[in-house]
Chemist: 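What follows is a single structure, and I will ask about it in a moment.
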Amino acid sequence: MLRTRGPDRISDVCGARVTIRYAALEIETPEGVVFSYVLATPVARSFAWAIDAAAIGTLCYLVDRVVANVGNVSHDWAGALTAILYFVAQTGYGMILEWRWRGQTLGKRLFRLRVIDAQGLRLQFSQVAIRNLLRFVDSLPLLYLIGGATAMLNARYQRLGDMAANTVVAREPVWEEPDIEELAPAKYNSLAAYPNLAARLRSRVEPEAVGLALTALGQSTGFEASARLKVFRELAQYFRGLVAFPEEALDGLTDEQYVRSVLRVVFAGR
């Protein structure tokens, strides 16, 4: 149980109940599933940014090398190219990686951090763009003084860019291997009969999706019947979109049974 600093802040957004605690963000869906995210502190984020700053510095060095060659031909073209390439290196670095890697940069990957929507929704490119475009404001007057001070003074550890984009930076959960026989009991797993497809599924599935499935299965007995059907229907649709198993492998499986079979395949390969 995390200790809280002052009373919890609770709000309802898009049907989801959002609770903000000191160092944690909890989101309860209309179906009753509760997801908890441990928020990254400004200190952890500063370590990740140090790695990213080194990467950006390397990109800027390469920019200087390119511009030096162009400058031998035209100083005007060299000046314009410098401005464009520096913008790409300093701002585009975060935009491109956070969008392609779903909220992560090199530094965030190393320290297991990820940018997520503050209401638990899918991260949009507009959010990634806003938080990176406002990074120059947070960095003022130097060493991220404004951004660091802002993050220290709010419960979500958000800098100005995060507040404008409605994002937070959370620690990636580390999922311990569950007792799969208890969680997903089955005498026969039809998906395991296709080892090549099973291996492809393991390579494509995201850890967050596995975590959501584990959480849903762990709480499923407390769901209302309609909510239980909806939760597992959406999870099954996600997993089916990753790999198409033959129809005979899916014959007779409900959405919940399919999710359980997927988890057995995922953890069988660990």
Side-chain angles (χ1 to χ4, degrees), residues 13-14 16 18 20 23-25 27 35-63 83-140 143-148 150-152 154-175 203-212 238 241-242:
V13 181
C14 299
V18 181
I20 305 169
L25 178 71
I27 300 173
F35 304 112
S36 180
Y37 301 92
V38 177
L39 299 177
T41 65
V43 174
R45 293 176 64 173
S46 66
F47 285 133
W49 177 243
I51 302 298
D52 291 328
I56 292 174
T58 301
L59 290 175
C60 290
Y61 169 77
L62 295 177
V63 167
I84 294 172
L85 292 181
Y86 264 82
F87 174 80
V88 171
Q90 296 178 353
T91 305
Y93 167 86
M95 282 190 196
I96 295 170
L97 290 188
E98 286 182 0
W99 179 242
R100 295 290 298 175
W101 289 351
R102 299 173 55 253
Q104 289 188 309
T105 57
L106 291 174
K108 290 184 178 69
R109 278 201 166 190
L110 181 61
F111 287 93
R112 300 187 62 83
L113 308 181
R114 187 182 296 275
V115 179
I116 62 173
D117 178 88
Q119 272 72 51
L121 304 175
R122 184 179 179 85
L123 190 66
Q124 302 296 318
F125 178 75
S126 59
Q127 294 174 287
V128 172
I130 289 171
R131 71 184 308 276
N132 280 282
L133 287 172
L134 290 180
R135 190 178 294 279
F136 80 96
V137 178
D138 284 303
S139 64
L140 296 174
L143 297 177
Y144 274 82
L145 182 60
I146 290 180
T150 303
M152 293 295 294
N154 71 79
R156 298 188 186 190
Y157 295 143
Q158 292 171 299
R159 59 178 178 82
L160 293 178
D162 288 315
M163 295 172 69
N166 196 34
T167 57
V168 295
V169 178
R171 292 187 176 276
E172 283 217 291
V174 178
W175 302 104
S203 68
R204 292 181 177 179
V205 71
E206 296 287 346
E208 296 91 336
V210 175
L212 294 178
Y238 164 78
L242 298 178

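This is a predicted model, so every value here is computed, not measured. All residue numbers refer to positions in the sequence shown, counting from 1.
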Chemist: If you measure from CD1 on Ile146 to CG on Leu134, what distance do you get to the nearest 0.5 Å?
Modeler: 11.5 Å

Chemist: Heavy atoms only: give me the nearest Gly103-Lys108 pair and the separation to one decimal.
Modeler: O-CD, 3.5 Å

Chemist: Report yes if some heavy atom in the side chain of Gln158 is under 4.5 Å from a heavy atom in the side chain of Val169; otherwise report no.
Modeler: no

Chemist: Measure the shortest side-chain to side-chain distance between Leu113 and Trp49 over non-hydrogen atoms and say whether it is less than 4.5 angstrom.
Modeler: no

Chemist: What closest approach, in Å, do Ala44 and Arg171 show between heavy atoms, and which atom pair accounts for it?
Modeler: CB-NH2, 3.4 Å

Chemist: What I'd like to find out is whether the side chain of Val205 reaches to under 4.5 Å of the side chain of Val210, using heavy atoms alone.
Modeler: yes

Chemist: When rounded to the nearest 0.5 angstrom, what distance separates CE in Met152 from OG1 in Thr150?
Modeler: 11.5 Å

Chemist: If you define the side chain from C-beta out and look only at heavy atoms, does anything of Arg45 sit under 4.5 Å from Arg159?
Modeler: yes

Chemist: Yes or no on salt bridge (Lys or Arg N to Asp or Glu O under 4.0 Å) for Glu98 and Arg114, after CA distance, side-chain angles and deciding distance?
Modeler: CA-CA 9 Å; Glu98 286 182 0; Arg114 187 182 296 275; over 6 Å; no

Chemist: Less than 4.0 angstrom from a charged side-chain N to a carboxylate O is my criterion; do Asp52 and Arg135 meet it?
Modeler: no

Chemist: Roughly how far, to the nearest 0.5 Å, is CG of Leu133 from OG1 of Thr91?
Modeler: 6.5 Å

Chemist: Who pairs with Arg102 by salt bridge (charged side-chain N to carboxylate O under 4.0 Å, His left out), at least two apart in sequence or on another chain?
Modeler: Glu206, Glu208

Chemist: Rounded to the nearest 0.5 Å, how far does CD1 of Ile116 lie from OH of Tyr37?
Modeler: 5.0 Å

Chemist: Looking at CG of Asp138 and CZ of Arg131, how far apart are the two atoms once the value is rounded to the nearest 0.5 Å?
Modeler: 9.0 Å

Chemist: Is there side-chain contact between Leu110 and Leu106, with at least one heavy-atom pair below 4.5 Å?
Modeler: no

Chemist: If you define the side chain from C-beta out and look only at heavy atoms, does anything of Ser46 sit under 4.5 Å from Tyr144?
Modeler: no

Chemist: What's the verdict on salt bridge (Lys or Arg N to Asp or Glu O under 4.0 Å) for Arg109 and Glu172, showing C-alpha distance, side-chain angles and the deciding distance?
Modeler: CA-CA 9 Å; Arg109 278 201 166 190; Glu172 283 217 291; over 6 Å; no

Chemist: Let's go through Gln104 and Val115 carefully: what are the C-alpha distance in whole Å and the side-chain angles of both, what is the deciding distance for side chain to side chain contact (heavy atoms under 4.5 Å, CB included) to 0.1 Å, and is it a yes or a no?
Modeler: CA-CA 6 Å; Gln104 289 188 309; Val115 179; over 6 Å; no

Chemist: How many angstroms lie between atom CZ of Arg100 and atom CE of Met95, to the nearest 0.5 angstrom?
Modeler: 16.0 Å

Chemist: Picking from Arg156, Met163, Gln119, what satisfies side-chain contact (heavy atoms from CB on, under 4.5 Å) with Val168?
Modeler: Arg156

Chemist: In terms of relative ring orientation, are Phe47 and Phe111 parallel, tilted or perpendicular, with 30° and 60° separating the classes?
Modeler: parallel

Chemist: The test is side chain to side chain donor-acceptor pair (under 3.5 Å); show your working for Asp162 and Thr167 and say whether it passes.
Modeler: CA-CA 5 Å; Asp162 288 315; Thr167 57; 2.8 Å; yes

Chemist: Does the side chain to side chain donor-acceptor pair (under 3.5 Å) test come out yes or no for Asn166 and Gln127, once each step is laid out?
Modeler: CA-CA 7 Å; Asn166 196 34; Gln127 294 174 287; over 6 Å; no

